[in-house]
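Here is the structure we will look at, set down as structure tokens.
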Amino acid sequence: MFTDAVILAGGFGERLWPASSPSYPKQFLSLADGISFLQASVLRAVALNLTGKILIITRKDLLDLAAEQCSLLIEGATPEIKKKLQEDLYIIAEPKPKHTAAPGILACHFLEKTQPEVDHSILILTSDHVIGPTESFVNDCKVAYECATQDNFVCFAIPPTEVSTGFGYIKTGDKLNISNAFKIAEFKEKPNLETAKKYIESGNYWWNSGMFAFTSKFFIQELKKCDIDVYNAFLSLPTSNPPKIGVCNGIKFVESWQSMDEAYEKTPAISMDNAVAERTTCACAVKASFSWDDVGSWDAFEKLFAKNTDKTELINCENCFVYSDIPVAICGVDDLVVVIKNGKALVMKK
């Protein structure tokens, strides 16, 4: 199984306003069980029984919040999970946001710098998606690990459940000699409605989950081939002084690393998809058996919650959803979303 997991936890709270905001992005929102998206992602990483580290890469201004949520997770954890998080969880705050290729190579260099004796195999996880059940996720990760250790850039392909224009698509290529895995023929950006319908009707297209897997050595080599500018920006990290590690809320974090700061000044801002996935000749995908939702709308968010709470009164209403810090009563209307958070209100038709 993978040695390490990297959880990407930046973002600017552009979805699920007003509950989500630049200072409190979606990954920090609590789900119905009181666990946040980010905490759930950390627990998924723990379930993989990694031999190495769990890295959370986030923005500088979100460091304290990420550390606080991880600290709360430790408080209620079993002794085994508590030990893993206290010893092997690290938060890295990027000097400035540069999309996802930069944190990808940063993670590779950090892991190789801190554990040079290890052949690192890395799973890149999102911090704000809903995934389950955990057992299916772990089983699919075993397949992804097998693919990644054969020098592949691995994606997780989600079987589409509807015609959607909100996701990127993966076109299937030849089957691999690994169960439930195939070569990727082509990546497609978010399509218009007519194109999305054609994708679904063909049966040859899957949603791109935004989660990836690879070995550290392979990713660095492919980035050199596919995007030399990002590769060169981080070229000094292997021979640089090691990062200084501090503690915030009981959680380890990179307190300072001059070479990282210098690399981020040089690197272009580009996604891992655009920099490597769409350019490499070694892209493959694992067919996900787990359920997946990126929770990109209030309609999707509603599925995670009971319809009625003790703060809500619905009178002569049908199909309405309320998510609020304060008591709300709505009367004689149908098909509404009402969100009142952070002193702001959103009322919209479903």
Side-chain angles (χ1 to χ4, degrees), residues 1-2 4-8 41 44-45 48 57 99-101 103-105 107-108 120-131 136-161 164 166-191 196 199-200 202-223 225-227 230 270-294 296:
M1 184 56 93
F2 293 99
D4 310 279
V6 177
I7 301 172
L8 303 180
S41 187
R44 273 194 297 276
L48 297 169
I57 301 184
H99 222 314
T100 56
I105 190 170
C108 291
H120 293 278
S121 53
I122 300 171
L123 182 65
I124 303 291
L125 299 175
T126 54
S127 61
D128 58 357
H129 296 171
V130 172
I131 292 170
S136 297
F137 173 74
V138 171
N139 288 336
D140 289 346
C141 286
K142 292 175 182 176
V143 179
Y145 171 77
E146 189 176 353
C147 294
T149 52
Q150 294 184 19
D151 285 342
N152 286 302
F153 183 92
V154 187
C155 305
F156 288 86
I158 309 297
T161 56
S164 174
F167 305 125
Y169 284 74
I170 293 169
K171 185 179 181 182
T172 59
D174 295 336
K175 290 183 179 180
L176 296 181
N177 60 352
I178 300 171
S179 176
N180 293 324
F182 58 84
K183 294 286 289 183
I184 294 175
E186 197 173 359
F187 287 89
K188 296 289 188 180
E189 297 296 330
K190 297 175 183 178
Y199 288 169
I200 301 302
S202 75
N204 294 327
Y205 289 85
W206 299 61
W207 290 338
N208 185 353
S209 72
M211 297 186 293
F212 307 109
F214 42 74
T215 64
S216 176
K217 288 182 173 58
F218 172 81
F219 182 75
I220 292 172
Q221 290 169 359
E222 287 303 291
L223 198 54
K225 296 176 189 174
C226 299
D227 198 313
V230 177
I270 186 171
S271 70
M272 207 176 294
D273 304 67
N274 295 146
V276 179
E278 296 173 5
R279 299 177 183 179
T280 181
T281 58
C282 303
C284 70
V286 173
K287 298 177 182 178
S289 64
F290 54 82
S291 63
W292 172 89
D293 197 323
D294 80 334

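One-based numbering along the sequence shown. Predicted model only: the values in this text are computed from it and were never measured.
- Of the inter-residue distances, the one linking Lys183 atom NZ with Ile170 atom CD1 reads 13.0 Å to the nearest 0.5 angstrom.
- Taking every heavy atom of both residues into account, Ala196 and Ser164 meet most closely at CB-O, 3.6 Å.
- Within a 6.0 Å radius of NZ in Lys171, no more than 12 heavy atoms belonging to other residues, nucleotides or ligands are found.
- In this structure, the separation between CD1 on Ile158 and CD1 on Ile131 is 7.0 Å, given to the nearest 0.5 Å.
- Listed here is the closest heavy atom pair of Cys282 and Asp151: CB-O, 3.7 Å.
- In plain terms, the two heavy atoms of Ser121 and Phe2 that are nearest each other are OG-CA, 3.3 Å.
- A heavy-atom distance below 4.5 Å is found between the side chains of Pro191 and Tyr199.
- Taking both residues in full, the closest heavy atoms of Ala285 and Ala157 are given as CB-CB, 4.0 Å, listed atom of the first, atom of the second, then distance.
- Side chains of Val6 and Leu125 form no contact here, defined as non-hydrogen atoms less than 4.5 Å apart.
- Of all heavy-atom pairs spanning Ser209 and Thr126, the tightest one is O-CG2, 4.2 Å.
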Exercise for review: Before giving the answer on side chain to side chain contact (heavy atoms under 4.5 Å, CB included), spell out for Tyr145 and Asp140 the whole-Å C-alpha distance, their side-chain angles and the decisive distance to 0.1 Å.
Suggested key: CA-CA 9 Å; Tyr145 171 77; Asp140 289 346; over 6 Å; no
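- Looking at heavy atoms from C-beta onward, Leu123 lies in side-chain contact with Cys141 at the 4.5 angstrom threshold.
- Judged purely by atom type and a 3.5 angstrom limit, Thr280 has no side-chain atom pairing as donor or acceptor with the backbone of Ala277.
- Once rounded to the nearest 0.5 Å, the distance linking SG of Cys284 with CD1 of Ile184 reads 6.5 Å.
- The aromatic rings of Phe214 and Phe219 lie parallel to each other, with less than 30° between the two planes, well short of the 60° mark.
- Rounding to the nearest 0.5 Å places CD of Glu146 at 9.5 Å from CG of Leu176.
- The shortest side-chain heavy-atom distance between Ile122 and Cys108 falls under the 4.5 Å cut-off.
- Taking CG of Asp273 as the reference point, atom CZ of Arg279 lies at 11.5 Å (rounded to 0.5 Å).
- Trp207 contributes atom CH2, which lies 5.0 Å from atom CZ of Phe167 (distance to the nearest 0.5 angstrom).
- In this structure, Asn152 contributes its side chain and Ala283 its backbone to no donor-acceptor pair below 3.5 Å.
- Minimum interatomic distance between Met1 and Leu48 (heavy atoms only, all atoms of both residues): CG-O, 3.4 Å.
- Using a distance-only test at 3.5 Å, with no hydrogens or angles considered, no donor-acceptor pair links the side chain of Ser216 to the main chain of His120.
- Side-chain atoms of Asp227 and Val230, non-hydrogen and from C-beta on, do get closer than 4.5 Å to each other.
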Exercise for review: Any chance you could lay out the side chain to side chain contact (heavy atoms under 4.5 Å, CB included) test for Trp206 and Cys155, step after step, and finish with the verdict?
Suggested key: CA-CA 11 Å; Trp206 299 61; Cys155 305; over 6 Å; no
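- Screening Pro103, Ser41, Ser127 for a side-chain contact (heavy atoms from CB on, under 4.5 Å) involving Leu8 leaves a single residue, Pro103.
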Practice item. Let me see the working for Asn274 and Glu189 under side chain to side chain contact (heavy atoms under 4.5 Å, CB included), right down to the final yes or no. Key: CA-CA 10 Å; Asn274 295 146; Glu189 297 296 330; 3.8 Å; yes
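- Taking the six-membered ring for Trp and the full ring otherwise, the centers of Phe218 and Phe153 sit at least 6.0 Å from each other.
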Practice item. Take Trp292 and Val130 through the side chain to side chain contact (heavy atoms under 4.5 Å, CB included) test and state the conclusion after the steps. Key: CA-CA 6 Å; Trp292 172 89; Val130 172; over 6 Å; no
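- In this structure, the side chains of Val154 and Val286 come closer than 4.5 Å at one or more pairs of heavy atoms.
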